[in-house]
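Accompanying notes for the structure given below.
Counting begins at 1 with the first residue of the sequence. Just so you know, these numbers use all the heavy atoms, side chains as well, and skip hydrogens, waters and symmetry mates.
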Amino acid sequence: MGLASELIQKQAKLQSDRSNFENHWAEIAPLVLPRQDDFFNNSHAEGDRRTRKKYDDTATLALDRGAAAIEGILIPRGQFWHALGLDESLKDDYEAQVWAEDVRKFLFARRYAPNSSFASQAHEYIMSLLAFGTAIMSVEDMVGQGLKYRSSHLSEHFIMENAYGLIDVDYRKYSITAKQAKEKFGDKTPQKVLDTLEKEPNKKMEFLHVVMPDEGNDTDMPFVGYHVSIEDNEIIGIGGFKSFPYIISRWSTAPNETYGRSPAMNVLSEIKMLNQIRKTDLKARHNAVDPPILAADQHTIRKLSMKAGAVNYGAVGPDGRPLVLPYNNGSRIDVSNDAIQQSRAIINDAFYVSLFQILVDTPQMTATEVLHRAEEKGMLLSPNAGRQKGEWLDQMITRELTLYEDYGIFEDDGILPMPDSVKATGGAINIRYTNPLSTMQKSGEAAGTERTVQSLIPVAQIDPSVLKSVDWNEYAKIIAEANGAPKKLFKSPEVIEQEQQQEQQAAMMQQAVDAAPQLAGAVKDIAQAQAIE
């Protein structure tokens, strides 16, 4: 068996193994994220309306708002949400620290450049996480244009973990037209594609892109990529990667499962029930507003007009009783209101909408209460949102640095030459997060600090010396970090030391001025005593 056939069969096996997950995703998509309802039907026409199965938009709105909230605490736009740290031995190396800061600014400038698409694709990535539990983004080097970020549809990717639980194998099965295949593969375009190109250039054809560790040494890179034409059953391209090109993360995972589980999966039964309740509720309301008509005899009333002010002859019997009545089955349309609200509350909780609504609904809170709320948020979000630091952001930033290293920007003649002191440590860079989630996680320390100080104040009224043991500068730093205050709010140690020296000099001068009259009097007394002698 050739390598192409082996890869095609392996992809088919991976697809069969995840059939249960695909059934989950196919149920979720039309009710939560209709625009990605392509798991069992990828032949939708462009612009096709995909909301025919929906009778309630709660889950869709909650998903969008939840994704915006998660984006705001992980990668807030307009902020530096991570820093680059160096070896501990370089903490006092001014040149090295300035270089690390310059690299951080460079990464953010390129990441949020208009042609990179990071901001829009990151939002799609988070929505896939919350809806399906697994999200995939590619970081590609668009030669001459910088890096390009693209969120991929989960239906195309089939993944495998290594022995450490990290995803390092991806089989991507995708379809493109014969025309696009010729543009993509050039001289390596397989024969069946060329034959199709002549007759049906817009006909879609299937291909496989497999990325895995290069254990067979087909390249001199850690990862190898194979492009396979499924219809031709042949490999049409082999390439190497220094780092895994797909950034794949999971919201949460069950033991012995590769794909992630999502908030939408957790409340899928509630979403389906709410959808059914709303469907029934709409029918009941329609019947209540526009009920069926009961007529005595179709021959008596030939035509009934429901227009305002209309006159219907023959609709009243000789005894004055109406011969036409609306049908009222006695049902109450308000009975379902409580059930609808309960389901909506559960769904909003699942997507963290209620959690982020707390500060909006209760704006009149003390600083201590705000810290407590932030601490609670940090504890609730850390298990899942915190996981994205390792599986998503760490991998993405490492991929960026690897690609820019290939650009040569860290060489001596590059735009950001690496200092010799950093080279001496092997160029090791660690990622330190400064996003709101990290701030929330520090709120526990700040809340404890605030409670301690508040407890000491009544004691200080009895013994003021109790507050002398508190380092107020350190107290200010803890509170500032918990509230996400910028570092520039506080003066640098150099400025503080300089001001202290100036204050000491001013105090000494003032003491001299204050002592001058006494010194002058003493000199005068000595002079008089000497004159008398």
Donor-acceptor pair, [X] side chain versus [Y] backbone, under 3.5 Å?
X: Ser16; Y: Ala12; value: no
X: Ser262; Y: Ala131; value: yes
X: Asp232; Y: Thr189; value: no

With no hydrogens and no angle check, just 3.5 Å: does a side-chain donor-acceptor pair link [X] and [Y]?
X: Ser343; Y: Glu270; result: yes
X: Gln97; Y: Glu101; result: no
X: Lys148; Y: Ser116; result: no
X: Ser138; Y: Glu140; result: yes
X: Ser249; Y: Tyr125; result: yes
X: Ser354; Y: Asn348; result: no
X: Ser243; Y: Arg399; result: yes
X: Asp394; Y: Tyr433; result: yes
X: Arg344; Y: Thr58; result: yes
X: Thr177; Y: Asn202; result: no

Inset, instruction - Please lay out, stage by stage, how Asp38 and Ser155 fare under the test side-chain hydrogen bond (donor to acceptor under 3.5 Å, both in side chains). - result: CA-CA 7 Å; Asp38 296 301; Ser155 63; over 6 Å; no
Legend entry - Electrostatic pair Lys242:Asp406 at N-O distance under 4.0 angstrom: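 A salt bridge links Lys242 with Asp406.
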Decide yes or no for [X] and [Y]: does some side-chain heavy atom of the first lie under 4.5 Å from some side-chain heavy atom of the second?
X: Met205; Y: Phe207; answer: yes
X: Phe158; Y: Asp170; answer: no
X: Thr425; Y: Leu90; answer: yes

Inset, instruction - Output the distance between atom OG1 (Thr402) and atom CG (Asp141), rounded to the nearest 0.5 Å. - result: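 These two atoms lie 11.5 Å from each other.
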Legend entry - side chain to side chain donor-acceptor pair (under 3.5 Å) partner of Tyr246, chosen from His209, His157, Arg172: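 Only one option passes, and that is His209.
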Legend entry - Pair Gln395-Glu391, side-chain hydrogen bond (donor to acceptor under 3.5 Å, both in side chains): steps then yes or no: CA-CA 6 Å; Gln395 303 301 320; Glu391 286 202 353; over 6 Å; no
Legend entry - Heavy-atom pair with the smallest gap, counting every atom of Asn233 and Ser5: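 Closest pair (atom of Asn233, atom of Ser5, distance): ND2-OG, 2.8 Å.
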Inset, instruction - Go through His123 and Asp64 one step at a time and tell me if the side-chain hydrogen bond (donor to acceptor under 3.5 Å, both in side chains) criterion holds. - result: CA-CA 9 Å; His123 187 72; Asp64 194 52; 3.2 Å; yes
Legend entry - NZ/Lys54: more than 12 non-hydrogen atoms of other groups inside 6.0 Å: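 It does: Lys54 NZ has more than 12 such atoms within range.
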Inset, instruction - State yes or no: are the ring centers of Phe241 and Phe223 separated by less than 6.0 Å? - result: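 Centroid distance Phe241-Phe223: not below 6.0 Å, so no.
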Legend entry - Matching residue for Glu400 among Arg111, Arg110, Arg104 - test: salt bridge (Lys or Arg N to Asp or Glu O under 4.0 Å):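 With Glu400 as partner, Arg111, Arg110, Arg104 yield a single salt bridge (Lys or Arg N to Asp or Glu O under 4.0 Å), made by Arg111.
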Inset, instruction - Just do the side-chain hydrogen bond (donor to acceptor under 3.5 Å, both in side chains) check on Gln191 and Asp195 with the steps written out, would you? - result: CA-CA 6 Å; Gln191 187 59 45; Asp195 295 341; 2.9 Å; yes
Inset, instruction - Fit a plane to each ring of Tyr404 and Phe106, take the angle between them on a 0 to 90° scale, and name the class: parallel (under 30°), tilted (30 to 60°) or perpendicular (over 60°). - result: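 Judged by the thresholds at 30° and 60°, the geometry between Tyr404 and Phe106 is perpendicular.
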